[in-house]
Amino acid sequence: MAMSVNGSAPAEVDVVVVGAGFSGLYMLYRLRELGFSAVVFDEAGDVGGTWYWNRYPGARCDVPTTDYAFSFDPQLERDWTWSEKYATQPEILAYLQHVAERCDLRRDIRFGTRVATAAWDEAARRWRLRTGQGDEVTCQYYVMASGCLSMPKTPDIEGADRYRGEVYLTGRWPHDRVDFSGKRVAVVGTGSSGIQSIPLIAQEAARLTVFQRTPNFSVPAHNGPPSADRLARLAADREGYREAARWSRGGIPMELTDVSGVTAPEAVRRQRFEAAWQAGELFAILGVFSDQGINPVSNELVAEMIREKIRAIVSDADTAEALCPKDHPFGTKRPCLDTRYFETFNLPHVRLVDLRRTPIVAITEAGIDTTGESFEVDAIVFATGFDAMTGPLVSVSVTGMDGVTLKDKWERGPATYLGLMTAGFPNFFMITGPQSPSVLSNMVVSIEQHIDWIADCLRRLREDKIERIEPTPLAEAGWVQHNQDCANITLYPRANSWYMGANVPGKPRVFLPYIGGVDGYRRACQEVTENGFVGFRLDGPAGSRCNDGVIRRVQPDVAMVLDLMASLELPPMETMSVADARAFIEATDAERPPGPEVGEITDGVLPGPAGDLGYRLYRPPSAGPHPLIAYFHGGGWVLGSQDSDDPFCRDLCARTGAVVVSVNYRHAPEDRFPAAADDAFAAAGWIAANAAALGGIPGPLTVAGWSAGGSLAAVVCQLARDAGGPEIAGQLLLTPVTDADLRRPSYSANGEGFVLTAALMRWFWDHYADEPDRARPKASPLRGTLAGLPPAVVVTAEFDPLRDEGEAYAEALASAGVPVRHIRARGHIHTSLTMVDVVISGAPVRAEMAEALVSLWPEPVLS
Ligand code: N01
């Protein structure tokens, strides 16, 4: 049922909603339910949003339809039966029309109406909107439910306007059937739209030429009836199933694997991949291995198994190779689900033109010219994609506070708080906006979550007589940072994808959606409201309030580690016996990834003041001699050994190109203060004296250590200075203990919940040293004389109880005239920087640390 403008727009409403797709319909439903007056505008002739416009042959959803449906009304769910696992566009459109009918939504929707401008009137605390027809509407709240992929890219190919034949855009397909019978057809673009439409166009066309710039990963949809398993689960416990979707990673209930592609045996890899291939579901193929989104080796395993499939399907070897994606990790561009896509290239009248080999020169009046050939065609189908996520939002001239437009504000990329609002634009909401899970999730689940949040927010504002809500710049900057942190630990930023804005010339290169998961995102949104609208400023007649803050400050992978540890419900280490604590550490060490390869690792012993000390030596693969680092492990003087910091020492060796000698010193409580310090000093002297034999460059030594080992490294520097040797070139102190004073603010702020607790630190000190000894510089180097010490690299972590004493040491060194490079690891905890290949966000910090250390050494003299 195509509808035109139905009635004129009201002059004044509580809420204006733009868009009448899944989002706009449910938003209107919820607003009505709450008693807000609302009007919805949509340029289209009827409801449907993306399903109204994308009528190209083969258009269907690629999330199982059982899951791609509203969950807010159990009766609606019972009344509607999907006919296929992946329903077609007409069926989904019919569903949305049914929802509109059933909830009587159309009477508040103005079709054929585009909102052209929207401006915030601060004095009136209202939005003033103007439609394309010239109607003016004011409202208290303005909601963009305009979709993420609703603004097709205008074909950016030279001569596109010259072509005289039929032109179609997949994202703006005609309502009348297009007949390609007997025609020579060109399709430009091989994203989801191209991959869905190509097999069907091929069935009609006399000749089909596919112009491919980037081959895409695609897996067979295995379409058919809806999954019996899903239907049974829904029938057994519909609400339980929907709730599981709401708290899942991608908006579909599924078990996440912990099988790593890197460590799984080949047979397991193949079996997991085959199962995912047969399942014909995007989330299955995206979840073959736990680490395929972050580890290039694991990712390449999946990518290559897909390429093998492509080669097995496509008969012509050259065509098969051209169809194999090789320029981006699997999943980092949106993968596709297809029905006989690759098989289509075996048809005699279908041809692939690889634009990487022969790029398009221009579109002519008659067809397409590449550098290799001219193609005369009767029709061109542009499946060239969308100005995703930000495009529809900035296509309306939205002016917020102080005359700033959204387009100007987002010139260098979108900045939002939770993908829901943006600072400077009060009372303006976005549904599935940038920096929300949106396109990385089952959209319907994300849409319902956003709308429920907005509806609940508006209800509470009304109850509290708040007229104006706006995120703070601090909260927004924190969320933008968190988004980047999440993306940066994945492989996604490596691709030139529309996720990165890379498909639109001139668009800033920023990862647009939130990749922290539907579950994590929902939790963040809930915490914001439960804790008094964290990061929002609220204004009403009774005044303003603002609970400013950042909702996610811990690095995302650190947060995962913390969540995992919390789920294990381990007893606090300080309640264990020393023997049990040591056994626990050894057992957990055995489970971790090994760290990078180095040239050689050897174990040895060196003489200590009270007997031999074990050490482990890490040598770079290059010919020596190399700079030499004496390293002291962490563990509160009680735990650890030359084994315990193994991955970190490998990493230090690999990054600095130095020989690292990790020394095992005597531990408390068996050997209390100053045994560890004496051992460390003696070991440094022996390593320096034996530099050449160890493969090091004779001369000044570098000392390094983590935590209590950092304290030992600092102490060694002080002792060496006072004793006149060994000569030390530099000291690397990673989250070091520097002072026995446990009253610093970081102890109270970070004393619990970040692995190293204040209680555990007390336990360590109690085992290590008596009260009077703790104050000595040999235990608390911050209390010593610092002038004349070697240059230092001090690394502190934001959520470490030891942060402030590390900061104090860096400051005190600088005040004493010691050159210091202080690296603050944002979002990190005491232990995360040594968790090599587990906490990926630690890698840039370690890189900076290594670079700082290397800069302390003289340039190597090349012979
Ligand atoms: O668009 P795309 P889409 N010359 O951007 C090529 C969703 N969706 O409409 O990769 C030559 O993915 C471009 O090449 P390159 C889904 O999220 C879902 O297909 O930029 N080629 C690419 O091959 C999807 O990801 C469904 O090198 C040019 C293609 O055009 C998103 O919408 C169905 C070009 C564009 O691919 C977008 O998909 C459809 C040029 N100048 C879409 N410009 C479902 O199944 C662009 N290309 C639910």
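Just so you know, ligand 1 is whichever comes first in the structure, and atom 1 is the first atom listed for that ligand. In this chain, residues are counted from 1 in sequence order. Computation of the quantities below employed the complete heavy-atom set of this structure, encompassing side-chain atoms and omitting hydrogens, waters and symmetry-equivalent molecules.
The backbone and the side chain of Thr190 each have at least one atom closer than 4.0 Å to an atom of ligand 1 (non-hydrogen atoms only). Within the 4.0 Å heavy-atom criterion, neither part of Ala388 lies near ligand 1.
Counting non-hydrogen atoms of other residues, nucleotides and ligands closer than 6.0 Å to CZ of Arg164 gives a total of 12 or fewer. With a 6.0 Å radius and a threshold of 12 heavy atoms from other residues, nucleotides or ligands, Arg207 has its CZ atom at or below the threshold. Atom CZ of Arg184 sits in a crowded spot, with more than 12 heavy atoms from other residues, nucleotides or ligands closer than 6.0 Å.
Taking only nitrogen or oxygen atoms, main chain and side chain alike, Ser193 reaches within less than 3.5 Å of ligand 1. On a distance-only criterion, Leu355 and ligand 1 share no N/O pair closer than 3.5 Å.
A heavy-atom separation below 4.0 Å is not found between Gln212 and ligand 1. Within the 4.0 Å heavy-atom cutoff, Leu149 counts among the residues contacting ligand 1. Proximity of Tyr68 to ligand 1 is not established, as no heavy-atom distance is less than 4.0 Å. Close to ligand 1: Asp156, with a non-hydrogen atom less than 4.0 angstrom away.
A donor-acceptor pair shorter than 3.5 Å cannot be found between the side chains of Tyr52 and Asp42. Side chains of Asn54 and Arg172: no donor on one and acceptor on the other come within 3.5 Å.
Closest heavy-atom approach to atom 35 (C) of ligand 1 among the candidates Ala383, Ala495, Gly171: Ala383. When Met443, Arg60, Gln89 are ranked by how near their heavy atoms come to atom 44 (C) of ligand 1, first place goes to Arg60. With Ser192, Gly385, Ala160 as candidates, the residue nearest to atom 18 (C) of ligand 1 on a non-hydrogen basis is Ser192.
Ligand 1 places these atoms under 4.0 Å from at least one heavy atom of Tyr56: 33 (C), 39 (C).
Counting heavy atoms from C-beta outward, Met151 and Ser146 have side chains that stay 4.5 Å or more apart.
At a threshold of 4.0 Å, the pair Glu204-Lys183 does not count as salt-bridged, since none of the basic side-chain nitrogens sits closer than that to a carboxylate oxygen.
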